[in-house]
Amino acid sequence: MPTPHETEKQHVGPEEADQPPSMSSHDAAPPAAPSRNPCCLCWCCCCSCSWNEERRRAWRVSRENKLQPLPSCEACATPSPEEVRSWAQSFDKLMHSPAGRSVFREFLRTEYSEENMLFWLACEELKAEANQHVVDEKARLIYEDYVSILSPKEVSLDSRVREGINKKMQEPSAHTFDDAQLQIYTLMHRDSYPRFLSSPTYRALLLRGSSQSSNEA
């Protein structure tokens with residue numbers, strides 16, 4: 001029969017059960033510097049500070065929206081035939097096109113690698129942020145969702161880049177993930193982009209563009 005002490009240890013309250021899993025030693029980042037309100041930045045989220053449980057839960061619910069900075073105009077934009085053809089000229093042209101990013105993201109979803117685009121977009125959003133408090137929050141979200149080995153959306157990063165991120169997370173900045181973002185950009189360019197150009201999705205857009213051009217002529 002378990003002792004009262006053992007029973008107490010086995011009990012997990014609703015607040016504790018709702019906390020994210022702890023990170024492994026390989027993946028965990030050191031706590032934030034004391035000057036950055038370490039209470040709110042601690043990885044274990046166990047302190048009783050102004051970030052009460054209700055706010056934490058609302059934060060989790062809105063996480064996907066925060067980490068998918070894809071404006072609605074990108075999802076509904078209709079690219080011109082010339083724009084669609086330009087995507088085959090270079091990966092940069094594709095990624096600089098809002099409609100191109102949207103179409104390419106849908107393609108990545110069919111290959112179960114959409115997290116690469118989501119990570120890249122999240123890094124772009126982070127680099128545009130000037131408020132340090134928001135930078136701290138978004139950096140932690142990006143780490144938990146795309147860098148942590150515990151996340152189902154973990155992106156593929158080499159050990160050098162991962163170690164660099166862990167060090168930078170002591171004091172996050174808008175450029176904490178620059179090396180990782182470049183590595184994922186290169187991965188999408190070399191691996192997914194060639195398949196996208198030969199995919200039925202892109203071919204259909206080319207054909208539709210050709211048909212529109214013929215009708216206009």
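As the structure is a prediction and not an experimental result, all values here were calculated from the model.
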Original post:
If you measure from CZ on F177 to CD1 on I142, what distance do you get to the nearest 0.5 Å?
Top reply: 5.0 Å

Original post:
Of all residues at least two apart in sequence or in a different chain, which pass the side-chain hydrogen bond (donor to acceptor under 3.5 Å, both in side chains) check with E115?
Top reply: none

Subject >> salt bridge (Lys or Arg N to Asp or Glu O under 4.0 Å) partners for R203, two or more places apart >> reply: none

**OP:** Give a yes or no answer on whether the side chain of Q183 reaches the backbone of V161 with a donor-acceptor pair at less than 3.5 Å.
**Re:** no

Subject >> Check: E83 main-chain N/O paired with S86 side-chain donor or acceptor under 3.5 Å >> reply: yes

Subject >> For D178, side-chain hydrogen bond (donor to acceptor under 3.5 Å, both in side chains) partners two or more places apart >> reply: H175

**OP:** Return yes if a side-chain donor-acceptor contact under 3.5 Å exists between T201 and E106, otherwise no.
**Re:** no

Subject >> Main-chain N/O of S148 paired with S151 side-chain donor or acceptor, under 3.5 Å >> reply: no

Subject >> Side-chain (R101) to main-chain (M95) donor-acceptor, under 3.5 angstrom >> reply: yes

**OP:** Quick one: list whatever passes side-chain hydrogen bond (donor to acceptor under 3.5 Å, both in side chains) with W120, sequence neighbours left out.
**Re:** none

Original post:
Among all residues two or more places apart in sequence or in another chain, which pass the side chain to side chain contact (heavy atoms under 4.5 Å, CB included) test with V135?
Top reply: L126, E129, Q132

Original post:
Do any pairs count as a salt bridge (Lys or Arg N to Asp or Glu O under 4.0 Å) and have a residue in residues 89-100, sequence neighbours left out, and if so which ones?
Top reply: none

**OP:** State whether E144 and K153 are salt-bridged, where the test is any N-O pair (Lys NZ or Arg NE/NH1/NH2 against Asp/Glu carboxylate O) under 4.0 Å.
**Re:** no

**OP:** Search all heavy atoms of V155 against all heavy atoms of R162 and return the closest pair with its distance.
**Re:** O-NH2, 3.9 Å

**OP:** For E111, check side chain to side chain contact (heavy atoms under 4.5 Å, CB included) against everything at least two apart and list the hits.
**Re:** F107, S113, S192, R195

Original post:
Which residues pass the ring-ring contact (aromatic ring centres under 6.0 Å, His included) test with F91, sequence neighbours left out?
Top reply: F104, Y185, H189, Y193

Subject >> Residues in side-chain hydrogen bond (donor to acceptor under 3.5 Å, both in side chains) contact with N131, at least two apart in sequence or another chain >> reply: none

Subject >> Interatomic spacing from CG in L157 to CD1 in I184 - rounded to 0.5 Å >> reply: 5.0 Å

